[in-house]
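This report concerns only the one structure given below.
Bear in mind that the values here come from a model prediction, so they are computed numbers and not experimental data. Chain naming here is simple, since letters A, B, ... match the order of the sequence lines and numbering starts at 1 in each.
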Protein chains: 4
Amino acid sequence: MLKVGVIGCGGMGRDHIDRLTNKIQGVEVVAVSDPVADNAKLAAAICGGKIYEDANALIEAQDVDAIFVVSPGFAHKEPLLKAIELGKRVFCEKPLATTAMDCLEIVNAEVKAGKHLIQTGFMRRYDKGYCQVKEALDSGMYGEPLMLHCTHRNPEVGENYTTPMAVHDTAIHEIDVLHWLTDDEYESVQVIMPRVTKYSHGKLNDPQIMLLRTKKGICIDVEVFVNCKFGYDIQCEVVCEDGSIKMAEPAYPDVRRDAKLSTTIDTDCFVRFKDAYDVEVQDWADKAKDGVITGPNAWDGYLAAVTADALVKAQETGQIEPVVTAVEKPDFYK
Amino acid sequence: MLKVGVIGCGGMGRDHIDRLTNKIQGVEVVAVSDPVADNAKLAAAICGGKIYEDANALIEAQDVDAIFVVSPGFAHKEPLLKAIELGKRVFCEKPLATTAMDCLEIVNAEVKAGKHLIQTGFMRRYDKGYCQVKEALDSGMYGEPLMLHCTHRNPEVGENYTTPMAVHDTAIHEIDVLHWLTDDEYESVQVIMPRVTKYSHGKLNDPQIMLLRTKKGICIDVEVFVNCKFGYDIQCEVVCEDGSIKMAEPAYPDVRRDAKLSTTIDTDCFVRFKDAYDVEVQDWADKAKDGVITGPNAWDGYLAAVTADALVKAQETGQIEPVVTAVEKPDFYK
Amino acid sequence: MLKVGVIGCGGMGRDHIDRLTNKIQGVEVVAVSDPVADNAKLAAAICGGKIYEDANALIEAQDVDAIFVVSPGFAHKEPLLKAIELGKRVFCEKPLATTAMDCLEIVNAEVKAGKHLIQTGFMRRYDKGYCQVKEALDSGMYGEPLMLHCTHRNPEVGENYTTPMAVHDTAIHEIDVLHWLTDDEYESVQVIMPRVTKYSHGKLNDPQIMLLRTKKGICIDVEVFVNCKFGYDIQCEVVCEDGSIKMAEPAYPDVRRDAKLSTTIDTDCFVRFKDAYDVEVQDWADKAKDGVITGPNAWDGYLAAVTADALVKAQETGQIEPVVTAVEKPDFYK
Amino acid sequence: MLKVGVIGCGGMGRDHIDRLTNKIQGVEVVAVSDPVADNAKLAAAICGGKIYEDANALIEAQDVDAIFVVSPGFAHKEPLLKAIELGKRVFCEKPLATTAMDCLEIVNAEVKAGKHLIQTGFMRRYDKGYCQVKEALDSGMYGEPLMLHCTHRNPEVGENYTTPMAVHDTAIHEIDVLHWLTDDEYESVQVIMPRVTKYSHGKLNDPQIMLLRTKKGICIDVEVFVNCKFGYDIQCEVVCEDGSIKMAEPAYPDVRRDAKLSTTIDTDCFVRFKDAYDVEVQDWADKAKDGVITGPNAWDGYLAAVTADALVKAQETGQIEPVVTAVEKPDFYK
């Protein structure tokens, strides 16, 4: 039984605590910590874990084997470095950290420690739809992938959602999952700004089309449309030399009614990726005994940060912007 | 140019006159006749044809090469027999006649005349959807057909529509098209009466499930549901030994809106089969020069009547009823 | 932690033991039993449970809270009666027993014991597809269900599979799930025998169409086609007064290749219903603490047996056969 | 009866002659001309028209009311100017002319003549699929269009097909139909060059992604992939403020076979757009009596040339290139 301490007990944190407690095999939440005391109390009520006022104390606790970091992104670096120092395994909700520099610091610490400890919480790699596409690609039946056409559509966002958040909060998932899907890395990016929907506001260009080119020359377009109104609609088509593979739509009944043949589109990302979260965390727990990270690692977290920075720059310049990492990918991650 | 006289100038008749005049190649409507003088006038205004008060005179007219019979079913026999007598080609809207005995009389007259003159107006054989299924079946790729699952759904019917009309006015189309599709004839029928929809009335069992068995043992089920509310929905799946073939749904855009991915279902049979009517009549006109009938012939019209009678009996008895023709299929029709 | 003893350690038994051990929360397999010693050893190796030569001893064991019966159907009755006697909760793979009379004996014993103990292993009620259809029906948006069109298609069966097995081994799943779906009971049944596929053999009419009428008058047709070659293809459409609901096809990518736009059809029932088995067993375990059975109970097992008997009779007579239970549904099960 | 003379009797020309002769109402081909005598003879054999060695003589012929220009693009300008001079109506297969300057000369001539005479042969505006999308857009139900995602995929091309031909011979159809669909004009273009498929050759970047921005800010991406191997696959999705509309796939049966549920993808553009050609030419003929052009006019032909030039430049520069017409759109065309 892997004994886990959870740092960050807001909505997402408690959701993970519930999952770890009631769905995941071989794991037990023994410790929780949150600056907001009420959050910690609510969390402890779910799992029965001990409340730590000090996150560092939680990380250091003898009976804590592994750490779940679900605090806000800006607060990730410190506990991650601490866990690495103590050689404790970590599941860190995305993002790894809020700047590429911080991410690199974490990467460097992990490399220096010489142990694979950190998994970054990009759950899409565990979604059945993406996995089916990946399996088809890996079968070799379709030749090399050449282009990807994707959508990341969301019913609506609040007034505080601004243009750069279309990268950091939304396209960030495509950034991770698509380079995994294609087994490739990004070379350059561009952002196209179409006419703005009437449902947007002054500080948000919505929709946007993000273009990413990989090192092998695969060209990816991602429509990011966060006020599309009609649903949470994630699409991904991979066009290969010998055929095209489009991710399945979520399965709902076909209904005939009112002169329409229709099926349901999800409206909530947590409904759409509900199973993916469960599979992700179970996989992390299962790999604990082998001491390996097969999910997104710290380097993937760093790559996401670097790519996101390039996209935000491209939003501003309208130009094609290179995606440049400060260092070569360490052998440690190959 | 084939010169056509049209008997029956109600809505359906004028629709055919418009088609013959404005869409069909190689045909001209030169004569029209209807007991209701206004109908005849409206018809003449479309095509410029001469008005005949007497239908017989129209059939006999020197400049009339061929006859279109679009009068009510009970009035079909007399002009058909007259046209056969004069050796004039006929397109007769379904039904051929309202009783099996009358149909047989027409068949016998045609056989005696020794010329293929009569096409019965079952337009579904000309529908692209059915033709694609037929082509697949005839390819031999799927082995023998074993079962057919069909629906004939209609949004709603009036209060005057009664239980037997589900056969005579509705399933009659399946009766013809399905034995053509399977190149087979019916052996027996049964009708199942499910729970009645709240949208029906005292004299109408709606829906009904009609079961037909062919001589080769193909088993067909047709859901006839005339108050289904949601659309005019014609489906046909043929299950074969090596695969199943389901007729295409009519093509409409895929729309994403209001948390639904939907496409349109037709609500009007004349929209659904609009192209089929055009192809049917053009084909009839094209075959005129060769003096052949490749569409539904008089024997098909008789078979439909015999099968419909068996189904109406089966509605009443709840039993499996045989489909028996009074004579063997004449060599003339083989 | 619910401590479970498993009786029957063949393939299906070991599959359940693996599930109980590695996937299900709150359960532990502490005891196994099988007449074949090797099966028991293999089973013990998965879960670490104690091997009992005598199934009765396993049921009586102090540390066994609940029983899983996965032995062949003919061997179910004895352990079920024993478990009822001891007041131990049971999960019994379908069928409850091999004759209606035996099922009724089990029902009577449970009623007499006055405790809800037995869940019958009809996993389809836990399939996401059926649950979505059930949810739509229960929403009231579609009015009353009038007809169900279903298929149970299987790629192929062995030479030992005979006509009655199309009921007992195949349609048995529809028998259970469809009366649950419609919240209704069966009144009568009929079986139609179409032309036989070239892939069948002398002792098997394949395909068959099974017709079931419920007490409310819902008419169900189930195409049972066990040598359909192309896949394991389970379909279910419910036609209601205000619309039709068709169960989702399993989700696979849409592939464009070789002039075809295609998606995958499952070929294995354990792939198709993999998740359903997991959900079924988790649900059974979760309900243990409340002492209730919300899944298929013993009465459902009895009903399935009675309905299957009527269908087998209908296979022979070609007639509509009534479905008659020997007793009224006990209040205990309402 | 509109009497038509056809200039250009190659394969496409004879196809149009067959259409005009055997499918289209109200038209008669009375004259044909082709530099290759055999082509003219084959053409005359179809329609019975008189052969003219000199195309000018054909245009001038008293009994020729209207001209069909189906010669190679470089030979269009002269007959078009001649026909304008004589005030004769013209259907000119695309392109209007091979340079923007020549197109403008034709436009200027038509404006000066003050009569709407020239229709350019972009048949997609007459395709049922595009018309359904247009109708949905024009309904106002979806708000303003913001983005279009399109594909123009072709199974394979010969060795002589080079990078710029992806614009002139392939994307030219999207150029016309998409600005009509959106009722907008192009402002700038860009071309992205993904990794090249193994099925291409040294002088062809295949696939390409063409990006077009309209004056209203609609952003269009067109995947042009001419060696996609799997089919002739034309897609068009219009993403609007209140929903997304995707053009219907061509309707073919749904087939279940070999563990696949599949439908057919066309492989031939003339099959895909067969009906569109017929509707296009019938519409042109029908409008002749009113002296109006409701299809693509000469200005549309000019716009297509200007846009194509910008795309070819963008292929070379990799930059965003403006689409600039030499003159404002004349009031004559508004």
Can you tell me how far CG of D:Leu261 sits from CG of C:Leu261, rounded to the nearest 0.5 angstrom? 9.0 Å
Hey, what do you get for CG (C:Asp254) to OG (D:Ser262), rounding to the nearest 0.5 Å? 11.5 Å
If you tally heavy-atom pairs under 4.5 Å between each of C:Asp233, C:Thr263, C:Thr267 and chain D, the highest tally belongs to C:Thr263
Taken to the nearest 0.5 Å, the spacing of D:Ile265 CD1 from C:Arg256 CZ works out to 5.0 Å
Distance col, row D:Lys260:NZ vs C:Thr264:OG1, nearest 0.5 angstrom, shows 3.5 Å
Is the number of heavy atoms from other residues, nucleotides or ligands under 6.0 Å of D:Lys203 NZ greater than 12? no
